[in-house]
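Note that the structure is a prediction, hence the values are computed from the model and not measured. Throughout, protein chains are lettered first and strands after them, A, B, ... in sequence-line order, and every chain is numbered starting at 1.
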There are 2 protein chains.
Amino acid sequence: MNVKEFSKLTGLSAHTLRYYEKIGLLKNINRNQSGHRVYSPKDTDWINFVIRLKDTGMPLQEILSYASMRSNGSETLVCRQQLLENHRLNLKSHIQKQQEHLEALEHKIQLYKSGKVS
Amino acid sequence: MNVKEFSKLTGLSAHTLRYYEKIGLLKNINRNQSGHRVYSPKDTDWINFVIRLKDTGMPLQEILSYASMRSNGSETLVCRQQLLENHRLNLKSHIQKQQEHLEALEHKIQLYKSGKVS
DNA sequence: TCTTGACTTAGAGTTAACTCTAAGATGTAT
DNA sequence: ATACATCTTAGAGTTAACTCTAAGTCAAGA
């Protein structure tokens, strides 16, 4: 898969994909005989997980730290699990808070609907 | 209330509060005889709503647009309500998506717990 | 009165995460 | 063979939202 196809698949621009590679978020991307990148299904799995972490608000630096632990093999398993469990707690409380915000927003909209706002 | 107290109340730094005023998000803040800002309960209500919008991911530009409609009085009521209802839909789908991310994350953590990840 | 700390302004600097540019090599359709 | 799109790189530019700096004013306690 070339960069254009991979870009379409992931929803990230070719620029962003090269940027992710530059900062170390994507590693060991294969090249064809003319030096063009060739992405594999493994790259797809990894980038999809990266995108999930990113979409849940994890900064690239922290994803990078997960990535580098991953490439250090099984001695980092506990640490990676810790990181993910910590992220899970953050995400749960984020959802909780957004739910409260939603309710407050719906209350405000009700005020508009009943003409109690000017 | 001076800027320090208002900062503590809102959780925003004094720098940020002045910045919000500079870009037009806070308007007509009173001053005492020596030119220092004096924040009122009305300012508190407004900033709290601003913070809610911000925390739900609304860009300052859009909050600003709500703010400027608000200061244009009742002829913008419908438009403001529209903006909030649209934001409500975005927020609902955000929460939905985060919920899905949470489930995928919990699944991944299960893989770690059962030793299926290396 | 002197010091200490809070306040003011305009404007510069920072950070994260892209996003684009330039200049050149390669690939694909007519 | 000739366009024309796509690939490559290093490095510069952009955007949002702060965050800080400098230089000066003001207020309260020893």
Using a cut-off of strictly less than 4.0 Å, decide whether [X] has a side-chain nitrogen or oxygen near OP1 or OP2 of [N].
X: B:Q33; N: D:dA27; answer: yes
X: B:R31; N: D:dC26; answer: no
X: A:N2; N: D:dC7; answer: yes

Output the distance between atom [atom1] ([X]) and atom [atom2] ([Y]), rounded to the nearest 0.5 Å.
X: A:R52; Y: A:M58; atom1: CZ; atom2: CE; result: 12.5 Å
X: B:I47; Y: B:K42; atom1: CD1; atom2: NZ; result: 15.5 Å
X: B:Q81; Y: B:T76; atom1: CD; atom2: OG1; result: 11.5 Å

Tell me which residues in residues 8-30 of chain A put a heavy atom below 4.0 Å from DNA chain C, sorted by number, or none.
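Going residue by residue through residues 8-30 of chain A, the ones with a heavy atom under 4.0 Å of DNA chain C turn out to be A:H15, A:T16, A:Y19, A:Y20.
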Without decimals, in angstroms, what is the distance between [X] [atom1] and [N] [atom2]?
X: A:I63; N: C:dA16; atom1: CD1; atom2: P; value: 13 Å
X: A:F6; N: D:dT8; atom1: CZ; atom2: P; value: 13 Å
X: A:E5; N: C:dT28; atom1: CD; atom2: P; value: 11 Å
X: A:K4; N: D:dC4; atom1: NZ; atom2: P; value: 16 Å
X: B:Q61; N: D:dT15; atom1: CD; atom2: P; value: 12 Å

At a heavy-atom distance below 4.0 Å, what parts of residues 34-56 of chain A sit against DNA chain D?
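Contacts with DNA chain D under 4.0 Å: A:G35, A:H36, A:R37.
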For the CG atom on B:N28, are there more than 12 heavy atoms of other groups (residues, nucleotides or ligands in this structure) within a distance under 6.0 Å?
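12 or below, so no.
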Within a radius of less than 6.0 Å around CD of B:E5, do more than 12 heavy atoms belonging to other residues, nucleotides or ligands occur?
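Yes, enclosed.
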Taking the side chain as everything from C-beta on, heavy atoms only, tell me whether B:Y112 gets closer than 4.5 Å to A:L84.
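Touching, per the 4.5 Å side-chain cut-off.
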Salt bridge B:K113-A:E85, side-chain N to carboxylate O under 4.0 Å:
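Salt bridge flag = yes for A:E85 with B:K113.
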If every non-hydrogen atom of A:L91 is compared with every non-hydrogen atom of B:H101, which pair is closest and at what distance?
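For A:L91 versus B:H101, the nearest heavy atoms are CD2-C, 4.2 Å.
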Centroid-centroid distance, A:H94 to B:H94, less than 6.0 Å
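Between B:H94 and A:H94, which both carry aromatic rings, the centre distance is below 6.0 Å.
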